[in-house]
Enquirer: 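One structure follows; several queries about it will come next.
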Amino acid sequence: MAVLKPRTLSGFMELLPAPQQQMERIMEVIRQSFSLYGFTPLDTPIIEASEVLLAKGGGETEKQIYRFTKGDADLSLRFDLTVPLAKYVAMHYSELSFPFRRFQIGKVYRGERAQRGRFREFYQADIDVIGDGKLSPINDAEIPAIIYRVFSTLGLNRFQIRVNNRKILNGFYAMLGLSELSGEVMRTVDKLEKIGEATVRGILVDDLGVPGEKADEILKFIAISGGSKAILAALEGYRGRNPLFDEGLDELSLVVNYLDSFGVPSENFVVDLTIARGLDYYTGTVYETALLDHPEVGSVCSGGRYDNLAEYYTEKELPGVGISIGLTRLFYVLGEQGMLNPDLLTAPTDVLILPMTEDLGPAISFATLLRQDGIRAQLHCEDKKFKAKMSYADKLRIPYVVFLGEDEVNSGVVACKDMFSGEQTKLAAVETAALIKAGLTEKNKGAVILG
RNA sequence: GUGGGUGUAGUUCAAUUGGUAGAGCACCGGAUUGUGGUUCCGGCUGUCGCGGGUUCGAGUCCCGUCACCCACCCCA
């Protein structure tokens, strides 16, 4: 019979069991980290009515969204987690308590060309804080702490949280009389690191029609660098010329000043006046996180402050601040760079039990004992050679194999082999369980996801 | 959407100026009866992406097509 060639669509990540385990661990770290800051878990449908997801209209979303019809229904796959959140908050406004802090880890879909580190289906891990009418900028200051917590808990050190404030940029461009162009200018300046100063100036002057001396002022402005405090000090020099700028500077100062209290080391944080990133609804603080050793892969976590999350769905004013971790991309990079700890236990079970007697009772009882003790156990009763079963345990990197043959059953013990050390013990069931438990704790000790 | 590249066993790749396909890894089996990972021996697999053309003859040249990859755009 002719069989169909199996294939997975381009841009869709499909993992083997061991990497999937690592992915799950990463998700778990993210979940726990988010929980530590008082965020509540949320899940929303992957499919929504197109009119809801496309309420904003125009732009990239329209071009890239997966849209289809089912009967009369015009449906779309969610493009990000923020728009569904907006709908959710608008819809359940009266049932929610504000500030509403939620986290959500879910797949999103973008019908663009797949590329290295760029997927069509990928996980985003989002947190957002939504205020009712107003939202304290202290929330902006807390975000870097959460990012830092997630990345450092994963075992990463070489990353940098970059922060900027759009009010500062917009205010600055207003000072130059370039308000109408600020979007274009920001987009251009954002590419500085990639294309260089000369090219940026060329685009500003030749393509956008920015007068030469103003382009130079822009370049001078974005070239402000140094430690966060030094940058703030330099920015103070521009104070008093534009109210929006001043407001942004106040917000940025707040973020910087509380970093220490929030436990964010200064080496993992920088004020970067070039970043403008993100969807165009960002209005204040913006964040971007870069892996210092892999600048080429792009952002793995970005976000910012927006004035009005749900303007398309409600008259209520709902400002918010949030970030999105590009989990799939992050995982892809970590794997590609060999940064996933190979010593991390990824076996589907802790113990593989091999019964070798007609009566499976003792083996099943032992499995039950282990499971009651919180130890993952699997029976292997298939009609296979003993060697094949050992090989199975080995390939899956299962840490313990237990043998239950005539000898063991008759003398009331179980034989247990530590597959990593090769040592084998023959002890009573309860003692073996205790031994395994202690051994697992030892093997898991300091098991960071990244190594 | 625009530009470039590539398509050969499960996988990574190889195949002299066009002459009807190989290697490593993986996989499977064996090296005496209840012990894996190392080693040794043996074995398996391909419509050479698909369709057409040139040719005595094409994996190797030409056209088309599809798929994938890379860059741009945009972004996680």
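Here is how names work: the chains are called A, B, and so on, in the same order as the sequence lines, proteins then strands, and each is numbered from 1.
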Enquirer: Between A/Phe119 and A/Tyr332, is the gap from one ring center to the other below 6.0 Å?
Expert: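 Yes; A/Tyr332 has its ring centre under 6.0 Å from that of A/Phe119.
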Enquirer: Grab the CD-P distance between A/Glu121 and B/rC75 for me, whole Å please.
Expert: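 After rounding, the gap between these two atoms is 21 Å.
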Enquirer: Separation of A/Lys194 atom NZ from B/rC75 atom C1', in whole Å?
Expert: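 Rounding to the nearest Å, NZ of A/Lys194 and C1' of B/rC75 are 10 Å apart.
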Enquirer: Measure from the side chain of A/Glu112, starting at C-beta and using heavy atoms only, and say which of B/rG34, B/rG36, B/rA76 lies closest.
Expert: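 So the nucleotide nearest the side chain must be B/rA76.
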Enquirer: Whole angstrom is fine here: how far is it from NE2 in A/His380 over to P in B/rG34?
Expert: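 Taking atom P of B/rG34 as the reference, NE2 of A/His380 is at 15 Å.
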Enquirer: Considering every strand and a 4.0 Å limit on heavy-atom distances, what is the contact class for A/Lys395: base, sugar-phosphate, or nothing?
Expert: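 Sugar-phosphate contact only - A/Lys395 comes under 4.0 Å of backbone atoms but never of a base.
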Enquirer: Under 4.0 angstrom, heavy atoms only, what part of the nucleic acid is A/Glu408 near: base, sugar-phosphate, or nothing?
Expert: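 Base contact.
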Enquirer: Whole angstroms only, please: what is the CG-C1' distance between A/Leu354 and B/rG36?
Expert: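 Interatomic distance, CG of A/Leu354 to C1' of B/rG36: 11 Å.
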Enquirer: B/rC48 and B/rA14: how far apart are their C1' atoms, nearest whole angstrom?
Expert: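 Their C1' atoms lie roughly 12 Å apart.
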Enquirer: Suppose you measure atom P in B/rG22 against the same atom in B/rC56; what distance do you get, rounded to whole Å?
Expert: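 That atom pair is separated by 27 Å.
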Enquirer: Between B/rU35, B/rG34, B/rA76, which nucleotide has the shortest distance from any of its atoms to the side chain of A/Met356?
Expert: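 In terms of side-chain proximity for A/Met356, the closest of B/rU35, B/rG34, B/rA76 is B/rG34.
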Enquirer: Hey, which sits more toward the 5' end of RNA chain B by its nearest nucleotide, A/Lys385 or A/Gln115?
Expert: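 Checking each residue's closest nucleotide, the 5'-ward one belongs to A/Lys385.
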Enquirer: Atom CZ of A/Phe12 and atom C1' of B/rC68: how far apart are they, to the nearest Å?
Expert: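 Whole-Å distance recorded here is 15 Å.
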Enquirer: Between B/rC69, B/rG37, B/rC70, which nucleotide gets closest to the side-chain atoms of A/Asp394?
Expert: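 Of the options given, the side chain of A/Asp394 lies nearest B/rG37.
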Enquirer: In terms of side-chain geometry, is the basic nitrogen of A/Lys389 or A/Asp394 positioned less than 4.0 Å from the acidic oxygen of its partner?
Expert: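 No.
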Enquirer: When all nucleic acid strands are considered with a 4.0 Å heavy-atom cut-off, which category describes A/Arg116: base, sugar-phosphate, or nothing?
Expert: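 A/Arg116: backbone/sugar contact only, no base atoms under 4.0 Å.
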Enquirer: Of the nucleotides B/rG1, B/rU35, B/rA76, which one has an atom closest to the side chain of A/Lys387?
Expert: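 Within the option list, the nearest is B/rU35.
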Enquirer: Measuring from the side chain of A/Arg113 (C-beta onward, heavy atoms only), which nucleotide among B/rU35, B/rG30, B/rU2 has the closest atom?
Expert: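 Comparing B/rU35, B/rG30, B/rU2 against the side chain of A/Arg113, the answer is B/rU2.
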Enquirer: Can you figure out which of B/rA76, B/rU35, B/rC70 approaches the side chain of A/Ser299 most closely?
Expert: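 Out of B/rA76, B/rU35, B/rC70, the nucleotide with an atom closest to A/Ser299's side chain is B/rA76.
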Enquirer: Distance between the P atoms of B/rC68 and B/rU54, in whole angstroms?
Expert: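 B/rC68 and B/rU54 have their P atoms separated by 31 Å.
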Enquirer: Could you tell me how far apart A/Leu396 (CG) and B/rG37 (C1') are, to the nearest whole angstrom?
Expert: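 Distance check: A/Leu396 CG to B/rG37 C1' gives 14 Å.
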Enquirer: If you assign each of A/Lys63 and A/Phe420 to its closest nucleotide in RNA chain B, which residue comes earlier from the 5' end?
Expert: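 Looking at the nearest nucleotide for each, A/Phe420 comes out on the 5' side.
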Enquirer: Expressed in whole Å, how much space separates the C1' atoms belonging to B/rC28 and B/rG10?
Expert: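 To the nearest whole Å, 13 Å.
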Enquirer: Going by an N to O cut-off under 4.0 Å, is there a salt bridge joining A/Glu48 and A/Lys87?
Expert: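 A/Lys87 and A/Glu48: salt-bridged.
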Enquirer: Passes side-chain hydrogen bond (donor to acceptor under 3.5 Å, both in side chains), A/Asn170 versus A/Ser182? Steps please.
Expert: CA-CA 6 Å; A/Asn170 285 323; A/Ser182 71; 3.2 Å; yes
Enquirer: Mind checking A/Arg187 for me? I need base, sugar-phosphate or nothing, with any heavy atom below 4.0 Å counting as a touch.
Expert: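 Here A/Arg187 touches the backbone only, sparing every base.
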Enquirer: Calculate the interatomic distance between A/Gln64 atom CD and B/rG1 atom P; express it in whole Å.
Expert: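 Going from CD in A/Gln64 over to P in B/rG1 covers 12 Å.
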Enquirer: Could you tell me how far B/rC13 sits from B/rA76 if I compare only their C1' atoms? Round to whole Å.
Expert: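 Their C1' atoms lie roughly 33 Å apart.
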Enquirer: Roughly how many Å is it from CZ in A/Phe122 to C1' in B/rA76, rounded to a whole number?
Expert: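 A/Phe122 atom CZ is separated from B/rA76 atom C1' by 5 Å.
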Enquirer: Parallel, tilted or perpendicular: which one describes the rings of A/Phe221 and A/Phe172, with boundaries at 30° and 60°?
Expert: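 Ring orientation, 0 to 90° scale: parallel.
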Enquirer: Side chain of A/Ser10 only, heavy atoms from C-beta on: which candidate in B/rC69, B/rU35, B/rG37 is closest?
Expert: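 Of B/rC69, B/rU35, B/rG37, B/rC69 is nearest to the side chain of A/Ser10.
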Enquirer: So does A/Ser324 get a side-chain nitrogen or oxygen closer than 4.0 Å to the phosphate oxygens (OP1/OP2) of B/rA76?
Expert: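 No, because none of the side-chain N or O atoms of A/Ser324 sits under 4.0 Å from OP1 or OP2 of B/rA76.
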Enquirer: Could you walk me through whether A/Glu406 and A/Thr357 satisfy the side-chain hydrogen bond (donor to acceptor under 3.5 Å, both in side chains) test, starting with their C-alpha distance in whole Å, then the side-chain angles of each, then the deciding distance to 0.1 Å, before giving a yes or no?
Expert: CA-CA 6 Å; A/Glu406 303 276 342; A/Thr357 53; 6.0 Å; no
Enquirer: When A/Phe100 is tested against each of A/Asp128, A/Leu85, A/Val129 for side chain to side chain contact (heavy atoms under 4.5 Å, CB included), which residue passes?
Expert: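 Output: one option passes, namely A/Leu85.
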Enquirer: Quantified in whole Å, what is the C1' atom distance between nucleotide B/rG42 and nucleotide B/rG4?
Expert: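 Here B/rG42 and B/rG4 have their C1' atoms 46 Å from each other.
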Enquirer: Taking the six-membered ring for Trp, does A/Tyr392 stack with B/rG36 (centroid gap under 5.5 Å, planes within less than 30°)?
Expert: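 Check failed, A/Tyr392 does not stack on base of B/rG36.
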Enquirer: Taking 4.0 Å as the cut-off, does a side-chain nitrogen or oxygen of A/Lys191 come that near to OP1 or OP2 on B/rC73?
Expert: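 Checking A/Lys191 against B/rC73: at least one side-chain N or O falls below 4.0 Å of OP1 or OP2.
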Enquirer: If you measure from the C1' atom in B/rU17 to the same atom in B/rC75, how many Å do you get, rounded?
Expert: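 Going atom to atom, C1' in each nucleotide, I get 48 Å.
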Enquirer: Applying a 4.0 Å non-hydrogen cut-off, can you work out what A/Lys107 is touching in the nucleic acid: base, sugar-phosphate, or nothing?
Expert: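 The answer is nothing, as A/Lys107 stays clear of every strand by at least 4.0 Å.
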Enquirer: Taking both distances under 3.5 Å as the test for a Watson-Crick or G-U pair, what stems of at least three pairs does RNA chain B have?
Expert: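 Output for stems: B:1-7 with B:66-72, B:10-13 with B:22-25, B:27-31 with B:39-43, B:49-53 with B:61-65.
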Enquirer: Have a look at A/Phe119 and say if it touches a base, only the backbone sugar-phosphate, or nothing, with a 4.0 Å heavy-atom cut-off.
Expert: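 If one applies the 4.0 Å heavy-atom cut-off, A/Phe119 turns out to touch a base.
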Enquirer: Over 60° means perpendicular and under 30° means parallel, so classify the ring planes of A/Phe34 and A/Phe39, tilted if in between.
Expert: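 Answer is tilted, since the angle falls between 30° and 60°.
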Enquirer: Looking at A/Arg120 and A/Glu112, does any basic side-chain N land under 4.0 Å from a carboxylate oxygen?
Expert: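 Here A/Arg120 does not pair with A/Glu112 in a salt bridge, since their nearest N and O are not under 4.0 Å apart.
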Enquirer: Given the C1' atoms of B/rC62 and B/rG18, what is the spacing between them in whole Å?
Expert: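 Nearest-Å result for B/rC62 against B/rG18 at atom C1': 13 Å.
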Enquirer: Mind telling me whether A/Phe159 and A/Tyr148 have parallel, tilted or perpendicular rings, with 30° and 60° as the class edges?
Expert: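 A/Tyr148 and A/Phe159: tilted rings.
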